[in-house]
Trainee: 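My questions all concern the structure below.
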Amino acid sequence: PPHATAMLPTGLSFALPEGTFGAVVARSGLASKQGLRPANCLGVIDSDYRGECFVALHNDSNEERTVRHGDRVAQLVLLPFLPYLIKGGEGIEHITLIYMMYVLGSASSYLLNYKSSIYQAYQKGYIRAGWNMVCECIKTVLQIAVLLLTGNFILYLAVQQVVQFLPNIMVSRMVDKEFPYLKECRELPEKEERNGILKNIGAMSMHKLATVIVRNTDSLLMSSFIGLATVGLYSNYRLVLNALNNLLNKFATAFSGSVGNFAALENSDRLYRVYKEMDFLFFVQSAYLTGGLMMLFNPLIALLFGGEYCFPMTTVVIIVTEFYISRMRQTNLLFREVMGLFWNDRYKAVAESIINLVVSIALVQRYGVAGIVGGTIISSLCTCVWVEPYIFLKYGVQDEWQKKLRDYFAEYLKRMLLTATLSAAGVLWVQRFPVSNFGIFILDGLLYTAVFAGGIVLVYHGNAEYAALKQRGLKLLKRKTEDT
């Protein structure tokens, strides 16, 4: 029945190896197409259980579903390899369950997520963003309450897994209501169009896989080669960087619809001018944050958690440098996405992930965290930094792309030197006058902001992109003033 749970016998029993457990998880196709999933999301089979296994299957749909003999309704996952991935986790209670809950959270985030693409296509991404924000607030409040009232980390994670799935459900229901004809349409696109879609999906999949490998293996390598304590220290820095990345990504995504329309309707010269203006804007953001992090990252960690939780300054420099390089890719990634140029640099993703893994593993033994993050920097310099602008200028702009590519790299080096100079000045200032409290921290931040603004004006006051952005900013400020 709709919105009901049934206990389904499987006729199976197991003798699982000692030290492992079986996790009963949903089949993504069954959950997304028919709304059937395990009622408890994650079923656990202990290693000493010898009885028959049952699946508590819940029907999330509004229709009655029939399960027949031989249907595949769930999946069983074993984790005998976990000790090889985590070094120093022997004393952590329920470590395997915690790991499985994180795995389940990553997998379940994709369920029903495909319907969000409809709103993206209609430039209504703000609807999904709004639900994400509401659910994020709910999750934060509930998790704080759970920690204060129970101190139970398992329950804390359970709240995270349940609430993070709510935006998918809400958006799915809204899409079904707003676009009912999608369920009625059963016709496929023409063969040529379908082949083009599948080709780009394949290329996008390679890019997504490479992103997962590059972005999500750092902590895994640290836990395997160094230990969980180091992962804990690193997570403090990642907490700040992830917050900044999420904010900047939302800012960049807001331009995607307009840039896509512009790319489809305007000529390459105007497209290139807009590209240069946005690249300069994203550079100013990236350089400002990079210098500020170089100067105040360790003081912030020391004020929040204590000086014993800080990495050496050399490691912090490498971490922040990787942040700068990844942020400087934003313009090329944005234009590649809206113009559909995924196929042209599909092999770049493979090369990036291979170089990252090989170099990180080679350097971690001697340089630790700095070696792992350094592997990410080297892989980016060998692939992304030059391939992405090359692909956009050659296949997106096309006109005089060789000259424009040379100009791009000359400007890239100039910006890098300016950022390094301002960052070095900030680091020397903090070393000369240490930050002892939040008052001095704020004053140093204001001082750095003034110096950074002066440096940008001094170097770029005659630049066309600087003038264009200044004019746009003054118009926007004038309009806001008139409205009030």
Side-chain angles (χ1 to χ4, degrees), residues 86-89 92 102 136 140 143-144 147-148 153 156 160 215-249 285-327 360 363-364 367-377 419-420 422-452:
I86 298 179
K87 182 178 181 180
I92 301 177
Y102 275 113
E136 188 68 25
T140 302
Q143 287 182 317
I144 291 174
L147 290 179
L148 291 177
F153 184 66
Y156 171 92
Q160 176 176 305
R215 297 296 166 196
N216 297 328
T217 55
D218 286 356
S219 296
L220 184 61
L221 290 174
M222 288 178 200
S223 65
S224 300
F225 289 92
I226 306 174
L228 280 179
T230 301
V231 177
L233 295 180
Y234 183 64
S235 66
N236 294 332
Y237 292 85
R238 289 308 317 175
L239 180 69
V240 177
L241 295 179
N242 288 341
L244 293 175
N245 277 322
N246 289 335
L247 178 64
L248 294 177
N249 287 339
Q285 292 178 343
S286 304
Y288 174 72
L289 292 174
T290 297
L293 290 170
M294 291 283 193
M295 177 180 179
L296 297 172
F297 215 164
N298 262 355
L300 176 63
I301 298 296
L303 290 173
L304 291 176
F305 307 112
E308 66 272 19
Y309 293 99
C310 293
F311 279 134
M313 192 60 205
T314 303
T315 303
V316 175
V317 169
I318 292 175
I319 292 174
V320 177
T321 300
E322 192 279 324
F323 169 80
Y324 173 78
I325 292 174
S326 67
R327 294 312 318 171
S360 294
L363 296 180
V364 65
Y367 300 104
V369 175
I372 294 175
V373 182
T376 304
I377 293 176
T419 304
L422 293 172
S423 299
V427 171
L428 292 174
W429 174 267
V430 171
Q431 289 179 346
R432 180 66 178 84
F433 304 101
V435 178
S436 57
N437 55 61
F438 279 106
I440 296 177
F441 179 88
I442 294 173
L443 289 176
D444 279 350
L446 294 174
L447 176 62
Y448 166 73
T449 301
V451 172
F452 178 84

Trainee: Checking side-chain contact (heavy atoms from CB on, under 4.5 Å) for the pair I319/Y234: CA distance, chi angles, key distance, verdict?
Mentor: CA-CA 10 Å; I319 292 174; Y234 183 64; 4.0 Å; yes
Trainee: Kindly compute the distance separating CE (M295) from OG1 (T290), expressed to the nearest 0.5 Å.
Mentor: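 Reported value, rounded in 0.5 Å steps: 14.5 Å.
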Trainee: Side-chain contact, heavy-atom cut-off 4.5 Å: Y288 with L422?
Mentor: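 Contact flag for Y288/L422 side chains = no.
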Trainee: Can you tell if the side chain of R238 reaches within under 4.5 Å of the side chain of N245, non-hydrogen atoms only?
Mentor: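 Yes, their side chains come closer than 4.5 Å.
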Trainee: Any side-chain heavy atom of R327 within less than 4.5 Å of one from Q285?
Mentor: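 A side-chain contact under 4.5 Å is absent here.
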Trainee: Could you label the plane-to-plane angle of the F441 and F438 rings as parallel, tilted or perpendicular, counting under 30° as parallel and over 60° as perpendicular?
Mentor: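 Perpendicular.
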Trainee: Using a cut-off of 6.0 Å, state whether more than 12 heavy atoms not belonging to Y156 lie near its atom OH.
Mentor: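 For Y156, atom OH is not crowded (no more than 12 foreign heavy atoms under 6.0 Å).
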Trainee: Ignoring hydrogens and geometry beyond distance, is a side-chain donor-acceptor pair present between Y367 and T315 at under 3.5 Å?
Mentor: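 The answer is no; no qualifying pair exists.
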Trainee: Which residue pairs pass the ring-ring contact (aromatic ring centres under 6.0 Å, His included) test with at least one member in residues 302-325, sequence neighbours excluded?
Mentor: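 Every pair satisfying ring-ring contact (aromatic ring centres under 6.0 Å, His included) with a residue in residues 302-325: Y237-F311.
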Trainee: Below 4.5 Å, heavy atoms only, C-beta onward: do M294 and V316 meet side chain to side chain?
Mentor: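 Heavy-atom side-chain distance check fails, nothing below 4.5 Å.
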Trainee: Can you find a heavy atom in the side chain of L289 that is under 4.5 Å from one in the side chain of L248?
Mentor: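 When only atoms from C-beta onward are counted, L248 and L289 do touch, with a gap below 4.5 Å.
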Trainee: Test side-chain contact (heavy atoms from CB on, under 4.5 Å) on L447 and L443; report intermediate values, then the result.
Mentor: CA-CA 6 Å; L447 176 62; L443 289 176; over 6 Å; no
